Number of protein chains: 2
Amino acid sequence: MFLSTSHNKIDLKCRVSIPASFRVNLEKSNEKLILFKSLQFKCIEGTTSTRMKTYVNAIDELDALSDEAFILRMMMADSFEIKFDINGRVVIPEILMNFAKLNDKAVFMGIGESFYIWSPTEYEYQYTKSQEILKAKGPPKLILKKKIE
Amino acid sequence: MFLSTSHNKIDLKCRVSIPASFRVNLEKSNEKLILFKSLQFKCIEGTTSTRMKTYVNAIDELDALSDEAFILRMMMADSFEIKFDINGRVVIPEILMNFAKLNDKAVFMGIGESFYIWSPTEYEYQYTKSQEILKAKGPPKLILKKKIE
DNA sequence: TGGGATAGCATGGGATTTCATGGTAGTCAA
DNA sequence: TTGACTACCATGAAATCCCATGCTATCCCA
């Protein structure tokens, strides 16, 4: 599982250290890292190759002409298998840098099965938003239910 | 898996570099490359010989006189097994060049089990379209469901 | 409990390899 | 003998690999 948040620097070559805990997570399960454009937010999403394969398999099961299949195929086109250097760094493809408006800082946010990479500005914005929703609506029922079980 | 997008040049001999990651993918699984007319779009589709065999087998399971079987047989007729030169380039058959309206640029788009080769114009059009659908309809249910798990 | 040693991690830079692409020589068929 | 096709060589740009460094957190012993 990918958990916790960390702020790392992106250098001039678009290299950035993947947080050590995320790396260990991938290595333990012998997984490759896939980065892709989030379908929901202006951020990069990272996940395992196995998980990405479940999306690929889903394409075959959908109606080939459907919008959903179309979107999923486009999502694959915007996905990259990423290699680590010896120090645990990766190069973020230019397309993804632009999409997430990344510059010299990246915020890594573990969300369980995958993680997000935000620009600091966008991260602040989304984080504040989540706090406001929390204040207004209270915690999600889902979480409370699971805790009681 | 075929992932990510890249723009390569087609030279006067109709030669074009297959993106290295696609090549590696084929070599690893010891697969031959098949190119054929997409059934859905004005583009070339590339895939492995193994996957092409599943299409062939599908014909046997269909009613031999059905429209589907007819279409699939036609697809086979316009399919080509493609050889690489020492640098990982292929020659695109003229029929396919014309079908996809290719000229001097090709856009390679990985979509999981196979990949598309578009003319830049057609690629732009389809990509924009996908973004519009995504905006209007939101991400496929599949994606949202997986996130909660 | 404090302070120094150590290991792990994030970052910088340069050497090396790979990749895309242009070109040429060789081969086969008409 | 010519024209088309194929196989291989050459080159510059870009991606990748690996060494070095400094910081921080952890550990261990006094």
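Predicted, not measured: the structure shown is a model, and the values here were computed from it. Protein chains get the first letters and strands the later ones, always in sequence-line order, with residue 1 at the start of each. Atoms considered below: every heavy atom in the structure, side chains included; atoms not considered: hydrogens, waters and symmetry mates.
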Contact check, side chains of A/M109 and A/F115, non-hydrogen atoms, under 4.5 Å: no
Side-chain N,O (B/K9) to OP1/OP2 (C/dG22) below 4.0 Å: yes
Heavy-atom check, side chain of B/L96 versus side chain of B/K37, under 4.5 Å: yes
Residue B/D85, side-chain heavy atoms: nucleotide from C/dG12, D/dC8, D/dC9 that is nearest: D/dC8
Minimum-distance nucleotide (side-chain atoms of A/A20 versus C/dA10, D/dA7, D/dC8): C/dA10
Position toward the 5' end of DNA chain D (nearest nucleotide), B/F84 or A/F84: B/F84
Closest to side chain of B/P19, choosing from D/dC8, D/dC19, C/dA20: C/dA20
Pairwise side-chain contact, B/M1 with A/Y55, heavy-atom cut-off 4.5 Å (strictly under): no
Within-4.5 Å side-chain heavy-atom neighbours: B/Y127 and A/M74: yes
Touch class at under 4.0 angstrom, heavy-atom based, for B/I18 against every strand present: sugar-phosphate
Distance below 4.0 Å between A/R23 side-chain N/O and C/dA10 OP1 or OP2: yes
A/R89 CZ - D/dA20 P separation (whole Å): 14 Å
Nucleotide C/dC19, atom C1' - distance to NE2 of B/H7 in whole Å: 17 Å
Close side-chain approach of A/N103 to A/S119, heavy-atom, < 4.5 Å: no
Heavy-atom side-chain contact between A/W118 and A/F41 under 4.5 Å: yes
No-hydrogen, no-angle side-chain donor-acceptor test under 3.5 Å, A/T50 and A/E31: yes
Distance, rounded to the nearest Å, where B/F22 contributes CZ and C/dC19 contributes P: 14 Å
Sugar-phosphate only, base, or nothing, as touched by B/N8 at under 4.0 Å among non-hydrogen atoms: sugar-phosphate
B/K83 NZ to D/dC8 P, straight-line distance once rounded to whole Å: 12 Å
Whole angstrom value for the distance that separates P of C/dT21 from CG of B/L12: 13 Å
Close side-chain approach of A/N57 and B/E113, heavy atoms under 4.5 Å: yes
Bending between helix ends of the helix from C/dT1-D/dA30 to C/dA30-D/dT1 [5 pairs per end, 10° resolution]: 40°
Residue A/R15, side-chain atoms from C-beta onward, closest of C/dT21, C/dG22, C/dG13: C/dG13
No-H, no-angle donor-acceptor pair, A/K105 side chain to C/dT11 base, under 3.5 Å: no
Atom pair distance, as rounded to whole Å: CG in A/D104 and C1' in C/dA10: 15 Å
Nearest-angstrom distance from the residue atom CD of A/E27 to C1' of C/dG8: 13 Å
Interatomic distance where CG belongs to B/D11 and P belongs to D/dC9 [whole Å]: 18 Å
